[in-house]
**Student:** 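Got a structure for you, questions after.
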Amino acid sequence: MSTVDLTAKIPNNVGLGDDKRLLRALEAWLPNYISWWREMGPEGFQGRDVWLRTAVAVDADGWANFDYVKMPEYRWGIFLADPVADRRIGFGDNLGQPVWDVVPGEHRNTLRRLIVTQGDTEPASVEQQRLLGASAPSLYDMRNLFQVNVEEGRHLWAMVYLLHSYFGRDGREEAEELLQRRSGNPDKPRILGAFNAPVDNWLDFFMFTMFTDRDGKYQLLALAESGLEPLARTTRFMLTEEAHHMFVGETGVERIVQRSAELMKQDPNEDARAQGGVPLDLIQKHLNLWFALSLDLFGGEVSSNAASYFAAGLKGRAKEASYEDHVALNQSYRMTTVTDGVVAEEEVPLRNAMNEVLRDEYVEDCQRGVDRWNKRLEEAGVSDRLRLPSRRFYRQIGLYAEMPFDVNGRLLSKEEWEKRRGDWLPTQADGAYVRSLMGPVTQPGRIANWLAKPARGIKGLPFEYQYVRLD
Ligand code: BYC
């Protein structure tokens with residue numbers, strides 16, 4: 001197992017102390033990162049003690065250490081999963097070749113772009129969530145928000161390490177720019193669509209961590225297959241942290257659903273809203289929104305970029321080893337296309353459909369989460385069910401971009417779609433209602449009326465624990 005240097009200014013298991021040039025470059029980036037964190041990180045809580053886990057080793061049970069930490073003092077480190085002996089490229093035209101320890105010249109620009117795109121999402125999500133602490137429904141949830149935030153910060157470090165180590169001056173410039181762009185800023189937006197959408201209430205936060213972080217999981221799984229060994233190793237370790245983020249989202253929505261069902265049962269008209277809860281139709285609208293925004297993050301259904309990433313061995317499929325044929329030539333993928341308003345089925349060369357292959361796995365994983373939420377409704381005796389909308393609904397990227405598909409995947413006229421938009425997506429009034437519920441609850445053990453308590457606390461501690469010290 002690799003040795004972790006925890007005493008260094010930048011904790012790491014990459015032997016940073018032996019590479020003075022790289023160390024200097026990263027130590028020069030550090031104060032800029034901290035300024036960014038202070039400006040764009042969680043507002044109002046930077047001086048508070050938060051019960052956080054910090055990575056201290058990369059093996060299965062040793063990596064997470066829990067303690068009170070003030071967020072700006074969090075030990076953001078650089079951790080790569082341990083190498084796999086004699087690892088070979090597992091797919092594409094370079095199948096079976098040894099993996100690359102340095103960046104091959106011909107793939108330099110493409111790899112830099114992939115790493116920058118991945119890196120850009122990390123600070124973006126922190127920016128999107130920076131005001132949520134002030135409306136936290138419990139200390140438990142507030143702590144989870146901050147845990148997610150500091151780990152997204154660490155994921156930014158992971159990508160910046162790659163940029164500084166392997167991409168010379170342009171890598172350093174890109175690393176600076178990662179701190180310059182701002183989520184939602186029209187002049188310097190973040191790169192991908194969903195990372196510029198506002199996340200200003202906890203329903204959106206839970207949907208974001210359910211659906212958008214889950215895109216993160218699949219993109220990281222695909223990059224973990226990369227022929228560029230340091231990229232594969234860093235993303236493999238990031239996946240261990242990502243799991244908690246999706247837990248926060250999936251159980252967060254589940255707890256809303258559970259509470260709404262309870263409140264419905266307490267009301268003579270089964271009206272959760274009348275009892276100060278989130279009605280199921282509103283949950284469905286937010287689900288529709290974040291599922292669609294997150295589907296876009298997989299890129300176009302038919303993509304020559306995806307085909308060349310696969311061919312070159314830069315980005316594989318999730319769990320590539322589970323496929324039989326790793327070359328994926330002479331195979332096709334059946335895709336629903338739309339030409340002049342006519343929906344048809346078409347065969348596409350498999351390599352060009354790799355974004356869709358990844359999206360398929362993602363959709364299946366999302367469906368599992370929705371089934372779990374519906375189970376809570378069933379148990380509570382509520383007959384309504386939540387569902388994933390058609391993957392053609394409200395898309396901005398790819399084959400169905402800007403097309404007026406309804407949630408069932410039917411193509412409507414633009415006018416009809418606009419008329420019905422408010423049935424499927426949150427309206428301004430919906431947003432105002434959701435925000436009206438979001439008064440902060442900061443006494444240990446207490447929770448907002450619209451949310452059920454979690455089944456258990458963090459790391460064996462009770463829900464009542466003071467996860468954030470506010471006094
Ligand atoms: N918004 O061939 P196409 C996470 C661009 S989340 C805006 O269809 P490609 C996290 C695309 O860049 C995971 N632009 O797509 C979650 C291209 O531009 P150029 C983040 C978009 O290239 C929560 C053009 O459209 N990781 O970790 O196959 C919290 C045509 O591209 C979008 C990654 O994304 C969009 N949604 O795939 C915190 C992995 N989609 O080149 C963190 C790295 C596409 O023509 N990125 N475009 O100028 C990639 O693998 C690929 O860039 C994409 C796009 C999958 C995003």
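Note that ligands are numbered from 1 as they come in the structure, with each ligand's atoms numbered from 1 the same way. Predicted model only: the values in this text are computed from it and were never measured.
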**Student:** Would you indicate which of Ser304, Ala307, Gly299, Ser294 comes nearest to atom 54 (C) of ligand 1 when only heavy atoms are counted?
**Tutor:**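 Selected option, by shortest heavy-atom distance: Gly299.
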**Student:** Could you check whether any heavy atom of Val148 sits closer than 4.0 Å to an atom of ligand 1, since that is the contact criterion I want to use?
**Tutor:**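 Not so, Val148 does not reach ligand 1.
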**Student:** Can you check which of Ser303, Ala124, Gly249 brings a heavy atom nearest to atom 2 (O) of ligand 1?
**Tutor:**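 Considering heavy atoms of Ser303, Ala124, Gly249, the nearest to atom 2 (O) of ligand 1 sits in Ser303.
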**Student:** Could you tell me whether Trp417 and Phe405 have their ring centroids closer than 6.0 angstrom?
**Tutor:**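 No, ring centres 6.0 Å or more apart.
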**Student:** Centres of the Tyr74 and Trp37 rings: under 6.0 Å?
**Tutor:**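 No - the distance between ring centres of Tyr74 and Trp37 does not fall below the 6.0 Å cut-off.
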**Student:** Of all the atoms in ligand 1, which lie at a distance below 4.0 Å from a heavy atom belonging to Tyr309?
**Tutor:**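 Near Tyr309, the atoms of ligand 1 are 22 (O).
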**Student:** For Ser125, counting its heavy atoms only, list the atoms of ligand 1 lying under 4.0 Å from any of them.
**Tutor:**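 Checking each atom against Ser125, I get 29 (C), 38 (C).
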**Student:** Specify whether His107 and Trp100 have parallel, tilted or perpendicular ring planes, treating 30° as the upper limit for parallel and 60° as the lower limit for perpendicular.
**Tutor:**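 Tilted: the ring planes of His107 and Trp100 meet at 30° to 60°.
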**Student:** I'd like to check which ligand 1 atoms, numbered from 1 as shown, lie under 4.0 Å from a non-hydrogen atom of Arg113.
**Tutor:**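 Every atom of ligand 1 under 4.0 Å from some heavy atom of Arg113: 12 (O), 18 (O), 19 (P), 41 (O), 48 (O).
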**Student:** Could you list which atoms of ligand 1 come closer than 4.0 Å to a heavy atom of Gly216?
**Tutor:**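 Listed by number with element, the hits are 4 (C), 6 (S), 13 (C), 27 (O).
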**Student:** Which residue from Leu399, Asp296, Leu358, Thr121 reaches closest to atom 36 (N) of ligand 1 through any of its heavy atoms?
**Tutor:**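 It is Asp296 that holds the nearest heavy atom.
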**Student:** Is Phe208 near ligand 1, meaning one of its heavy atoms is under 4.0 Å from it?
**Tutor:**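 Under 4.0 Å: yes for Phe208.
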**Student:** Taking atom CD of Glu364 as the centre, does the number of heavy atoms from other residues, nucleotides or ligands within less than 6.0 Å exceed 12?
**Tutor:**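 No, the 6.0 Å shell around CD holds no more than 12 heavy atoms from other groups.
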**Student:** Of the side chain and backbone of Asn355, name the one, both, or neither that has a heavy atom under 4.0 Å from an atom of ligand 1.
**Tutor:**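 Looking at Asn355 and ligand 1, just side chain atoms fall under 4.0 Å.
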**Student:** Does atom CZ (Arg456) have a neighbourhood of more than 12 heavy atoms from anything else shown, all under 6.0 Å?
**Tutor:**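 Open.
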**Student:** In this structure, are over 12 heavy atoms from other groups packed under 6.0 Å from Arg169 atom CZ?
**Tutor:**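 Open.
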**Student:** For Ile191, take its heavy atoms, then give the atoms of ligand 1 lying under 4.0 Å from any of them.
**Tutor:**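 That gives atoms 7 (C) of ligand 1.
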**Student:** For ligand 1, does His245 get within less than 4.0 Å through its side chain, its backbone, both, or neither, judged by non-hydrogen atoms?
**Tutor:**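 None of His245 does.
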**Student:** Starting from atom 53 (C) of ligand 1, locate the nearest protein heavy atom and write down its residue, its atom name and how far away it is, to 0.1 Å.
**Tutor:**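 Nearest protein contact, heavy atoms only, for atom 53 (C) of ligand 1 is Leu297 O, 4.1 Å.
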**Student:** Minimum distance, heavy atoms only, to atom 29 (C) of ligand 1: which one of Met354, Glu152, Arg395, Arg214 is it?
**Tutor:**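 Heavy atom nearest to atom 29 (C) of ligand 1 belongs to Glu152.
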**Student:** Within this structure, what is the CD-CG distance for the pair Gln284 and Leu425, rounded to the nearest 0.5 Å?
**Tutor:**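 One gets 10.5 Å once the value is rounded to the nearest 0.5 Å.
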**Student:** Among Thr117, Ile397, Thr235, which one puts a heavy atom closest to atom 47 (N) of ligand 1?
**Tutor:**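 Shortest heavy-atom distance from atom 47 (N) of ligand 1: Ile397.
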**Student:** By number and element, which atoms of ligand 1 are closer than 4.0 Å to a non-hydrogen atom of Lys315?
**Tutor:**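 Answer for ligand 1: 49 (C), 50 (O), 55 (C).
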**Student:** Could you list the atoms of ligand 1 found under 4.0 angstrom from a heavy atom of Leu114?
**Tutor:**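 Reading through ligand 1 atom by atom, the close ones are 43 (C), 46 (N), 49 (C), 50 (O).
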**Student:** Under the 3.5 angstrom rule, does the side chain of Thr234 hit a backbone N or O of Leu80 as a donor-acceptor pair?
**Tutor:**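 No; zero donor-acceptor contacts below 3.5 Å.
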**Student:** Mind checking whether Phe195 contacts ligand 1 via backbone (N, CA, C, O), side chain (CB onward), both or neither, at a 4.0 Å heavy-atom cut-off?
**Tutor:**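 Near ligand 1, Phe195 shows its side chain, while the N, CA, C and O stay back.
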**Student:** Would you please indicate yes or no on a ring centroid separation below 6.0 angstrom for Tyr161 and Trp157?
**Tutor:**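 Centroid separation for Trp157 and Tyr161: 6.0 Å or greater.
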**Student:** Pair Trp424, Tyr394 - check ring-ring contact (aromatic ring centres under 6.0 Å, His included), show working.
**Tutor:** CA-CA 10 Å; Trp424 303 315; Tyr394 196 51; 9.9 Å; no
**Student:** For atom 23 (C) of ligand 1, which candidate among Asp213, Leu223, Asn149 holds the nearest heavy atom?
**Tutor:**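 Among Asp213, Leu223, Asn149, the closest heavy atom to atom 23 (C) of ligand 1 belongs to Asp213.
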**Student:** Among protein heavy atoms, which sits nearest to atom 13 (C) of ligand 1, and what does the distance come to when rounded to 0.1 Å?
**Tutor:**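 So the nearest neighbour among protein heavy atoms is Asp215 OD2, 3.2 Å.
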**Student:** Please report the C-alpha distance between Ser138 and Asp141 in whole Å, then the side-chain angles of each, then the deciding distance to 0.1 Å, and finally whether the side-chain hydrogen bond (donor to acceptor under 3.5 Å, both in side chains) criterion is met.
**Tutor:** CA-CA 5 Å; Ser138 73; Asp141 290 289; 2.7 Å; yes
**Student:** In ligand 1, which numbered atoms sit nearer than 4.0 Å to a non-hydrogen atom of Phe298?
**Tutor:**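 So the atoms of ligand 1 that pass are 55 (C).
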**Student:** What protein heavy atom is closest to atom 24 (C) of ligand 1, reported as residue, atom name and distance in Å?
**Tutor:**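 In this structure, atom 24 (C) of ligand 1 has Asn305 ND2, 4.7 Å as its nearest protein heavy atom.
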**Student:** Is there a donor-acceptor pair under 3.5 Å between the side chain of Glu320 and the backbone N or O of Arg317?
**Tutor:**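 Indeed, once roles are kept as given, a pair shorter than 3.5 Å links the two residues.
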**Student:** For ligand 1, does His155 get within less than 4.0 Å through its side chain, its backbone, both, or neither, judged by non-hydrogen atoms?
**Tutor:**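 For His155, there is no contact with ligand 1 at all, from either part.
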**Student:** With no hydrogens and no angle check, just 3.5 Å: does a side-chain donor-acceptor pair link Gln147 and Glu151?
**Tutor:**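 On atom types as modelled, these side chains qualify, holding a pair under 3.5 Å.
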**Student:** With no hydrogens and no angle check, do the side chains of Asn408 and Arg387 hold a donor and an acceptor under 3.5 Å apart?
**Tutor:**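 Indeed, the side chains of Asn408 and Arg387 share at least one donor-acceptor pair under 3.5 Å.
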